There are 2 protein chains.
Amino acid sequence: MEWTFRADAPLYTQLCEQLTFAVVSGVFAAGERLPAVRELAVDAGVNPNTVQRALGELERGGLVYTLRTAGRFVTADKARLEAARRALAEARAGEFLRVMEKLGYDRAQAAALLEEREGDEAT
Amino acid sequence: MEWTFRADAPLYTQLCEQLTFAVVSGVFAAGERLPAVRELAVDAGVNPNTVQRALGELERGGLVYTLRTAGRFVTADKARLEAARRALAEARAGEFLRVMEKLGYDRAQAAALLEEREGDEAT
DNA sequence: GCTATTGTATCAATCACTTAATACAATCAC
DNA sequence: GTGATTGTATTAAGTGATTGATACAATAGC
């Protein structure tokens, strides 16, 4: 998996987000075992503790679970994964609408703005 | 004007955003004089330096200008204000689409999600 | 010209947070 | 049972950024 980090936010935060997106969107399949903490750490070029901290968040959200010495696994509960994906999307949508409203765009205008956009390919 | 600060981001950042939104959406009219740095500081309950820093950002964006001892004024260039408003909206839209894409929503689905939402009044 | 009010500059300290090193614990595999 | 591999806990230190106190500078207004 590809890791990219900006300098304007903590590593563990970005790690958490990227891991969440990966899990929720199926990069790691439901029930699949994740690479070990140390492995992920080497792969991403960060300290194992940092990975640990990020994964702790995922665990609290029920997206992954831990078998003490066997490793971490993505939950097998596909409904839960889908619900999480949806919840993330809803949250982002909510934030987006709040900000747009402060800028004087109502819901319809905000939606229209999305569709009008040209050439914003997210490489 | 109403100030609200969260604890999860620097004051000057939030101040900057709130001032930008206020200026761009006409809370302070084009050409109007802004309250003095010290006045805003008292009003918002922060240090004058913090206000100064935030306003510096607005100035760099051409939204306000300074007359050394007379105060700060919103630019009289309404086109510029409108352009800034639009640019902010576009930027947010772009971010939103990028994230939604990572979550597996294409542009149309993202837009649809906005319109489906119920009861998300931004009090 | 004097004074009050404006923005500006400087400097320091505190504060919190992130990151890292290291050691511990448990159990799977053989 | 032994060792390798897993996650976990503890602790420290760097580090960097934010905020605040204070002094400076310029000029508008009377």
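Being a predicted model, the structure only gives us computed values, none of them experimental. In the text below, chain A, chain B and the rest are named by the order of the sequence lines, each starting its count at 1.
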As a quick check of understanding, evaluate side chain to side chain donor-acceptor pair (under 3.5 Å) for B:R72 and B:T66, giving each step before the final call. CA-CA 4 Å; B:R72 277 204 177 76; B:T66 300; 3.2 Å; yes
For A:E17 and A:T20, what are the C-alpha separation, side-chain angles and deciding distance, and is it a side chain to side chain contact (heavy atoms under 4.5 Å, CB included)? CA-CA 5 Å; A:E17 180 171 79; A:T20 300; 5.7 Å; no
Please assess A:L114 against A:F96 for the test side chain to side chain contact (heavy atoms under 4.5 Å, CB included), listing each intermediate value before the final yes or no. CA-CA 11 Å; A:L114 293 186; A:F96 178 61; 4.0 Å; yes
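With B:R117 contributing its side chain and A:E90 its backbone, the two residues share a donor-acceptor pair below 3.5 Å. Judged purely by atom type and a 3.5 angstrom limit, B:Q14 uses its side chain to pair as donor or acceptor with the backbone of B:A9.
Whole-Å rounding puts the B:Q52 CD to C:dT10 P distance at 12 Å. Counting to the nearest Å, the C1' atom of D:dT8 and the CG atom of A:N47 are 13 Å from each other. In this structure, B:R60 atom CZ and C:dG7 atom P are separated by 18 Å, rounded to whole Å. When the P atom of D:dG7 is taken as reference, atom OH of A:Y65 falls 13 Å away, rounded to whole Å. Going from atom CG of B:N49 over to atom P of D:dA21 covers 9 Å, rounded to whole Å. Note: CG (B:D8) to P (C:dT18) measures 11 Å, nearest angstrom. For the pair A:R53 CZ and C:dA20 P, the interatomic distance rounds to 12 Å; values are reported in whole Å. If you take CG of B:L55 and P of C:dA9, they are 14 Å apart, rounded to a whole angstrom.
Ranking D:dT19, D:dA26, D:dG7 by closeness to the A:R68 side chain, first place goes to D:dG7.
Contact detail for B:C16 and B:L58: the closest heavy-atom pair is O-CD2, 4.0 Å.
The 12-atom threshold is not exceeded at CD of A:E2, counting heavy atoms of other residues, nucleotides or ligands nearer than 6.0 Å.
Taking every heavy atom of residues 9-17 of chain A and every atom of DNA chain C, pairs under 4.0 Å involve A:P10, A:L11, A:Y12, by number. Near-neighbour residues of DNA chain D inside residues 33-44 of chain B, defined by a heavy atom below 4.0 Å, are absent.
In this structure, A:Y65 shares a hydrophobic cluster with A:L67, A:F73, the cluster being traced through Ile, Leu, Val, Met, Phe, Trp and Tyr side chains under 4.5 angstrom apart.
In this structure C:dC30 sits in a base pair with D:dG1, meeting the Watson-Crick or G-U test at under 3.5 Å.
Residues A:K102 and A:E95 are not paired through a salt bridge, judged by the lack of any N-O separation under 4.0 Å between the basic side chain and the carboxylate.
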